[in-house]
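Everything below concerns the one structure shown next.
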Amino acid sequence: MKQKIEELILQAVGVLKAEGILGLEITPHITIERTRDPQHGDFASNLALVLAKPAKANPRQLAEKIIAALPQHEAVLKVELAGPGFINFFINPDSQYQTVSQIHAEGRKFGLSTIGAGKKVQVEFVSANPTGPLHVGHGRGAAYGSVVADLLEAAGFEVHREYYVNDAGRQMDILATSIWLRYLEECGELVHFPSNGYRGDYVREIAWNIHKNSSDQYHRRIEQVLENIPADEPQGGDKEVHIDALIDRTKTLLGPSLYRDFFQFGLDNILEDIKVDLNEFGVEYQQWFSERQLMDNGSVEKALERLRIGGHLYEQDGATWFASSQLGDEKDRVVVRENGQFTYFASDIAYHMDKLDRGFDQIIDIWGADHHGYVPRVRAAIQALGADESKLKVLLVQFAVLYRGEERVQMSTRSGEFVTLRQLRNEVGKDAARFFYVMRRSEQHMDFDLKLATSKSNENPVFYVQYAHARICSVFRQLDEKGLERNLLLGMRNLTGLTEEHEVLLLGTLARYPEVLERAALQYEPHQVIHYLRDLATEFHTYYNAHQFLVEDDGIRNARLNLVSAVKQVLANGLGLLNINTPEAM
RNA sequence: GCGCCCGUAGCUCAGCUGGAUAGAGCGCAGCCCUCCGGAGGCUGAGGUCAGAGGUUCGAAUCCUCUCGGGCGCGCCA
């Protein structure tokens, strides 16, 4: 509908240009909006207001000329000039009725579009270090990322979902060493656990598992381990120096092969846990991309070589630097350390080169907002690699603060007592968790009230929307019990009988769904879908209270049932897209 | 100190990329079917869009400054 009006306006502009009223050089950006106030019709355009200046004309007079030049169309009932120069379009109600039959015909596919057809998009999200279970902060990224990906798919894009696994680097060595020390405890050694180690219970569990299945082959005496190790922080030393020495000692005592096994076992364990966790949360990936693989197969060298050829690298203080400050970053960044090791950033450059080489039209990185300082350097890298910088889109997700009613839920990573995503799911369930995470704009700091999410009352928006769906299902159950018939075709023929205010409103809202999906997808804003579904549910509940559906009159009854079942379909489509259940009864 | 995000009703938040009288939910004050699920609906009170300038026909939205909150500024990942 929106498109049709746009075409009509475009034709009118063409006519005015031919008549010399508008300069030929003027190419207006036509915006058509749905009106907020029904008195203003169904759609409105501010074209005349926008063109008034370049055309050097009075906006109202210009609007009149545009209206006069507008071709007739069966779907447009009338066009009005209003206010300072708005052009308001009143749609022929008959065309609104078509959406009901369209929804019935298209079913689950209603709302999908093809604007993204032929375009490949990669969405990378969560990508938490595999050093422990996902916590509630990752949950928002997971929910947001997966819905953005699904929205893009609904808009016709070919979507590739990816998790970047940071399975190389010091953090992983710290993990392996932490597990090993816990393992030694299992063997009966008395260990002073390093202050910088991973203290969570999961580390003990993994250690316990290894010990159970491996007899004592990794056992070394604690005196051997601690010999000449610099003091930890509580003993007046430096915790970083302490843990690095412990890592080296672990590697030496176990030897490359055993260390590798140990490292791998910890990694596999945690990664598997993350995969199961995300899966249960309704999040699927096409690929789990290994950072270590980039290190091992020479991709990092290749990426740096490409930067070197482009003249973006230089040596200083024994390290290799990327001159990112020339490409918008605030300062240059080290890519190869003095000790010869690549930085995390170096492998990230290689990762993004790999993304570019795979031929995606758009690369979307979804990060926690605390990483925002990282954006300019990655952008710089994209440019230095010779790619179009606009291919990269970074979406930042703010943290969620958990509350239980009024009381703030404390999180502490250090003590290992943080709230995990799994705990959250167990407490509020998948549906409420996903709904709440995605309910707010991603850049918005969010208060997540656990008590509200679990309450089975009208305070809880999840239940409100789901209830609308269940209520419609209940109506259809009642149909049988009352011994009334349903006739789909008869209902379609009588749709024009739906002239009540509530019905007209619902028809308009149903017709809006595809537009909402499209906007939400192109702007990466899942919360728009949530707001839409709440609106739709509200309008349905209002309608339900105002009118009986199961009436004696066959024509009206069947028309209303068709309308209501279209509402049910759209609720199911919307909730389905968010990966939230649509219960038939609650 | 510099950079990014945010500031809208008592609370939690929308606000369609600059449009018409700023909207929801919760909370509060009143109400509603002998009838398809009251997990619902209706009505009302509640706002200097943090503040001050500017841009223009028109600003919550764009620009500048100030105030307040969050987060970043490693040869960590």
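Lettering of chains follows the sequences in order, A, B, ..., and the numbering in each one begins at 1.
- Put simply, the side chain of A:T454 gets close to the backbone of A:L450: a donor and an acceptor are under 3.5 Å apart.
- Counting any heavy atom pair closer than 4.0 Å across all strands shown, A:T542 reaches sugar-phosphate atoms only and no base atom.
- Across all strands, A:N46 comes closer than 4.0 Å to base atoms (heavy-atom distances).
- Side chain A:N88 to base B:rA20: a donor-acceptor pair is found below 3.5 Å.
- At the heavy-atom level, A:A468 lies nowhere under 4.0 Å from the strands shown.
- Note on ring orientation: taking the six-membered ring where Trp is involved, the planes of A:H135 and A:H138 are tilted (angle from 30° to 60°).
- Using cut-offs of 30° and 60° on the angle between ring planes, the pair A:W367 and A:H352 is perpendicular.
- Across all strands, A:H547 comes closer than 4.0 Å to base atoms (heavy-atom distances).
- Across the strands present, B:rG7 finds its partner in B:rC67; the criterion is a Watson-Crick or G-U wobble pair with both atom distances under 3.5 angstrom.
- Here B:rA14 sits opposite no nucleotide as a Watson-Crick or G-U wobble pair (both hydrogen-bonding atom distances under 3.5 Å).
- In this structure, B:rA22 makes no Watson-Crick or G-U wobble pair, since no nucleotide meets both defining distances under 3.5 angstrom.
- OP1 or OP2 of B:rG15 sits under 4.0 Å from a side-chain N or O of A:R441.
- Residue contacts for A:M172: at a heavy-atom cut-off of 4.0 Å it reaches no nucleic acid atom on any strand shown.
- A sub-4.0 Å separation between OP1 or OP2 of B:rA14 and a side-chain N or O of A:R519 is absent.
- OP1 or OP2 of B:rA77 has not a single side-chain nitrogen or oxygen of A:T131 nearer than 4.0 Å.
- In B:rU34 the base sits anti relative to the sugar, since the glycosidic angle is further than 90° from 0.
- Within 4.0 Å of A:A546, counting heavy atoms only, lies no atom of the nucleic acid at all.
- Figure legend: cation-pi geometry between A:R486 and A:F476 absent, as NZ or CZ is not positioned both under 6.0 Å from the six-membered ring centre and within 45° of its axis.
- No hydrogens or angles considered: nothing links the side chains of A:Y144 and A:R140 as a donor-acceptor pair under 3.5 Å.
- Within the structure, every side-chain polar atom (N or O) of A:R512 is placed at least 4.0 Å from both OP1 and OP2 of B:rC16.
- Counting any heavy atom pair closer than 4.0 Å across all strands shown, A:E330 reaches sugar-phosphate atoms only and no base atom.
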Could you walk me through whether A:T538 and A:F540 pass the side chain to side chain contact (heavy atoms under 4.5 Å, CB included) check?
-> CA-CA 5 Å; A:T538 302; A:F540 167 74; over 6 Å; no

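- One finds a side-chain N or O of A:K331 lying less than 4.0 angstrom from the OP1 or OP2 phosphate oxygen of B:rG74.
- Taking atom P on both nucleotides, B:rC26 is separated from B:rC42 by 10 Å, rounded to a whole Å.
- A:Q466 comes within contact range of no nucleotide atom at all, as no heavy-atom separation falls under 4.0 Å.
- In this model, the phosphate group of B:rC75 is not approached by any side-chain N or O of A:Q316 to a distance below 4.0 Å at OP1 or OP2.
- Checked by atom type, the side-chain pair A:S347/A:E291 shows a donor-acceptor distance below 3.5 Å.
- For the pair A:H527 and B:rG15, the criterion of a side-chain N or O lying under 4.0 Å from OP1 or OP2 is met.
- Residue contacts for A:D317: at a heavy-atom cut-off of 4.0 Å it reaches a base atom on one of the strands shown.
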What's touching nucleotides 68-70 of chain B from the protein side, N or O pairs under 3.5 Å?
none

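- At a threshold of 4.0 angstrom between heavy atoms, the contacts of A:H40 include nucleobase atoms, whether or not backbone atoms are also involved.
- A:R471 has no side-chain polar atom (N or O) that falls below the 4.0 Å cut-off from OP1 or OP2 of B:rC36.
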Any chance you could lay out the salt bridge (Lys or Arg N to Asp or Glu O under 4.0 Å) test for A:E6 and A:K4, step after step, and finish with the verdict?
-> CA-CA 5 Å; A:E6 202 171 312; A:K4 276 183 202 158; over 6 Å; no

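- Put simply, A:Y464 has a side-chain N or O that comes within less than 4.0 Å of OP1 or OP2 on B:rG41.
- Counting atom types as modelled, A:D370 pairs no side-chain N or O with a base atom of B:rG72 as donor and acceptor under 3.5 Å.
- Distance A:L505 CG to B:rC42 P: 11 Å, rounded to the nearest Å.
- Rounded to whole Å, the distance from OH on A:Y344 to C1' on B:rG74 is 15 Å.
- Nucleotide B:rG46 forms a pair with no other nucleotide shown, judged by Watson-Crick or G-U wobble geometry with both contacts under 3.5 Å.
- Across all strands, A:E443 comes closer than 4.0 Å only to sugar-phosphate atoms, never to a base (heavy-atom distances).
- Within 4.0 Å (heavy atoms only), A:Y374 reaches at least one base atom of the nucleic acid.
- Base engagement by A:L49 is indicated by at least one non-hydrogen atom pair under 4.0 Å involving a base atom.
- A:H371 comes within contact range of at least one nucleobase, with a heavy-atom separation under 4.0 Å.
- The aromatic rings of A:Y374 and A:Y344 sit tilted, their planes meeting at an angle between 30° and 60°.
- Side-chain contact of A:D431 with A:Q466: a donor-acceptor pair under 3.5 Å is present, judged by distance alone.
- Remark: A:R557 is not in phosphate contact with B:rC36, judged by side-chain N or O atoms under 4.0 Å from OP1 or OP2.
- Judged by ring centres under 5.5 Å apart and planes tilted less than 30 degrees, A:F86 stacks against the six-membered base ring of B:rA20.
- Remark: B:rA60 base-pairs with no nucleotide; criterion is Watson-Crick or G-U wobble with both hydrogen-bond distances under 3.5 Å.
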